[in-house]
There are 2 protein chains.
Amino acid sequence: MLIDPDKAAGKPAPAGTSTLDLALRAVEYLVQQSRASSLAQIAEALSASKATIYRHLVTLQKHGFVRQDAQTGRYEAGIKLMVLGEALRQRFDIVSAAREELMILRDHTGQAVTVCAAIDAELIVLELIQGRTLIEFATRPGTRLAFHASAHGKIWLAFGSQERTAAIADGPLQAWTPATIITKEALLADLDRVRERGWATAPDEVITGVNTLAAPVFDHRQILVGSIAIVGATQFITPVPDPEQIREVVGSAARISRGLTWQV
Amino acid sequence: MLIDPDKAAGKPAPAGTSTLDLALRAVEYLVQQSRASSLAQIAEALSASKATIYRHLVTLQKHGFVRQDAQTGRYEAGIKLMVLGEALRQRFDIVSAAREELMILRDHTGQAVTVCAAIDAELIVLELIQGRTLIEFATRPGTRLAFHASAHGKIWLAFGSQERTAAIADGPLQAWTPATIITKEALLADLDRVRERGWATAPDEVITGVNTLAAPVFDHRQILVGSIAIVGATQFITPVPDPEQIREVVGSAARISRGLTWQV
DNA sequence: CGTTTCATTTCATATAATGAAACGTCATTT
DNA sequence: AAATGACGTTTCATTATATGAAATGAAACG
């Protein structure tokens with residue numbers, strides 16, 4: 001009997017399905033492309049045969065994950081992904097529970113307001129209430145943020161699960177700007193300050209000239225379920241923010257937390 | 001030899017891959033659920049064996065389309081769908097080309113502004129600039145609209161492909177409110193008015209008390225590529241809108257069209 | 001401490017995915 | 001107008017690989 005080359009090389013057995021794996025890679029490939037791709041192109045990129053990819057695309061198209069241009073016959077990502085993404089976003093309790101309060105926060109501060117939640121190892125923007133400025137600094141729903149280089153992230157590291165904080169602090173910390181915190185010591189020291197104060201900032205740490213002021217939202221069990229923040233030019237949200245701004249953000253977060261206590 | 005029941009029934013051969021089909025149905029099932037589902041639940045809903053679904057979930061999870069709750073072991077939709085949805089949205093030229101102009105439109109009218117595009121048989125919201133009101137009527141990016149019962153939709157029926165218009169007009173027209181247009185004759189007559197005027201409204205047709213005023217955006221070939229609209233309470237956008245509002249919306253659409261002429 | 005409930009793994013079987021090559025269609029070229 | 005090339009689509013024999021029943025292991029429950 002021959003020795004399985006995969007097992008011999010120490011690789012664990014696949015355990016999943018390779019057919020599905022290939023199809024999912026096709027979807028991801030199409031989303032990355034900025035224009036529609038030809039069948040041959042996709043097949044070559046994934047090193048699979050045209051026939052195989054073709055059949056997968058037919059099924060993906062049937063479900064709306066992929067669409068084919070009627071004119072050129074080329075393939076591109078389907079809008080089902082957008083629809084499913086929005087459906088998923090709506091499932092987060094905090095989104096509906098917080099909207100009214102966030103509108104008020106936007107009106108009081110004039111700045112854009114964002115809501116984030118961490119799922120496993122990802123920190124994702126769930127909601128954006130646009131500010132009054134013409135230029136938009138804030139990140140849109142569906143965007144992923146870095147834990148160590150965003151005010152939202154620091155809230156989750158300071159008040160979220162310790163395992164996550166330990167994992168992030170130990171891992172490599174990428175520098176987005178010269179101001180990004182990249183050493184474990186500096187990060188942990190900053191988190192201590194965040195815990196003390198109850199709010200976090202990240203001046204110039206993700207984009208130079210932009211600052212964010214974030215505060216935690218807890219549920220009835222005092223478990224962190226979301227973070228809210230105002231986002232704007234450093235000119236409006238200074239590195240040491242106006243006490244009034246801090247009062248507004250922390251106050252809104254506390255009121256949303258209280259709102260989450262009711263609906264269990 | 002037995003006769004294949006599918007072929008005997010006149011059904012065309014599958015042509016696609018049934019494995020992938022099952023996996024995609026699993027994703028859609030999980031998105032629909034409001035809570036995390038157990039493996040057995042999913043398997044039963046899709047009438048497949050637990051083992052099969054399990055392997056698919058493993059692969060889907062590897063790609064982030066699905067996530068497993070560490071505590072309960074149950075499965076739910078993964079945030080990859082949100083991330084892919086946002087990536088897809090950004091691909092539409094009109095989104096980046098129009099933002100600044102839309103901000104100005106919002107400031108001039110005080111109402112929420114939305115952008116839509118039709119892809120095949122679907123009309124989808126691409127962008128939302130929130131108005132100044134606390135209560136939000138406008139639809140979010142990723143939402144699908146009805147062609148016959150929305151101002152955006154009427155723009156696409158009036159200025160888009162004739163095939164689509166014919167197909168929609170012939171099909172059944174669902175009534176969302178008592179004011180929704182549900183007869184072919186009334187719809188076609190309304191579209192004539194839209195073509196004449198260059199703008200469309202849909203007072204009380206999708207939600208009672210809400211009105212939308214939409215205008216078309218064309219590219220350098222005079223092909224419809226998007227529609228923009230202001231959305232608000234009927235109190236602010238009356239069934240026969242203020243001439244000033246019409247001027248603003250139609251003017252913004254024209255300027256965005258001109259902007260799309262440059263970048264070819 | 002037994003019982004239930006669940007996710008996960010095993011394994012033999014045959015279903016269903018696979019790739020090479022042929023086909024049909026359209027657009028461009030000579 | 002015929003020839004070429006590019007591309008999506010279909011065919012078909014082969015076997016890789018997805019499949020389901022049942023076993024396993026691990027929690028949660030009473």
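Here is the naming used below: chain letters follow the sequence lines, and residue numbers restart at 1 for every chain.
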Check your understanding: Which residue, B:A40 or A:S47, contacts DNA chain C at a nucleotide closer to its 5' end, judged by nearest heavy atom?
Key ->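 Going by which nucleotide is closer to the 5' end, it is B:A40.
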Decide, yes or no, whether a salt bridge links [X] with [Y] under the criterion of side-chain N to carboxylate O below 4.0 Å.
X     : Y      : value
A:E28 : B:K80  : yes
B:R89 : B:E127 : yes
A:R67 : A:E76  : yes

Between [N] ([atom2]) and [X] ([atom1]): distance, integer Å:
X     : N      : atom1 : atom2 : value
A:L57 : D:dT10 : CG    : C1'   : 15 Å
B:L22 : C:dA16 : CG    : C1'   : 13 Å
A:I53 : C:dT18 : CD1   : P     : 8 Å
A:I42 : D:dG8  : CD1   : P     : 8 Å
B:L39 : D:dA26 : CG    : P     : 18 Å
A:E44 : C:dG19 : CD    : P     : 14 Å
A:R55 : D:dC12 : CZ    : P     : 13 Å
A:Y54 : D:dC7  : OH    : P     : 16 Å

Check your understanding: Which nucleotide sits closest to the side chain of A:S38: D:dT17, D:dG8, C:dA20?
Key ->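 When the side chain of A:S38 is considered, D:dG8 is the closest of D:dT17, D:dG8, C:dA20.
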Whether [X] contacts [N] is assessed here as follows: a side-chain N or O lying under 4.0 Å from the phosphate OP1 or OP2. Is that the case?
X     : N      : result
B:S18 : C:dA17 : yes
A:T19 : C:dT18 : yes
A:S49 : C:dT18 : no
B:H56 : D:dT19 : yes

Practice item. Could you tell me, to 10°, how much the axis swings from one end of the helix from C:dC1-D:dG30 to C:dT30-D:dA1 to the other, five pairs per end? Key: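 About 40°, once rounded to a multiple of 10°.
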Practice item. Evaluate whether atom CD of B:E44 has more than 12 neighbouring non-hydrogen atoms of other residues, nucleotides or ligands under 6.0 angstrom away. Key: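 Open.
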**Study point:** A:Q61, CD atom: more than 12 neighbouring heavy atoms under 6.0 Å
**Key:**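 More than 12 within 6.0 Å, yes.
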Under 3.5 Å: donor-acceptor pair, side chain of [X], backbone of [Y]:
X      : Y      : answer
B:T143 : B:R140 : yes
A:D219 : A:I223 : yes
A:D120 : A:E122 : no

Point to revise | DNA chain D-proximal residues of residues 61-80 of chain A, any heavy atom under 4.0 Å | key: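 Going residue by residue through residues 61-80 of chain A, the ones with a heavy atom under 4.0 Å of DNA chain D turn out to be A:Q68, A:G73, A:Y75.
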Point to revise | No-H, no-angle donor-acceptor pair, A:K50 side chain to D:dG8 base, under 3.5 Å | key: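 By the distance-only test, yes, there is a pair.
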Below 3.5 Å, can you tabulate the donor-acceptor pairs from side chains in residues 155-163 of chain A to any protein atom, sequence neighbours excluded?
residue, atom, partner, partner atom, Å
A:W156, NE1, A:S227, OG, 3.0
A:S161, OG, A:R164, N, 3.2

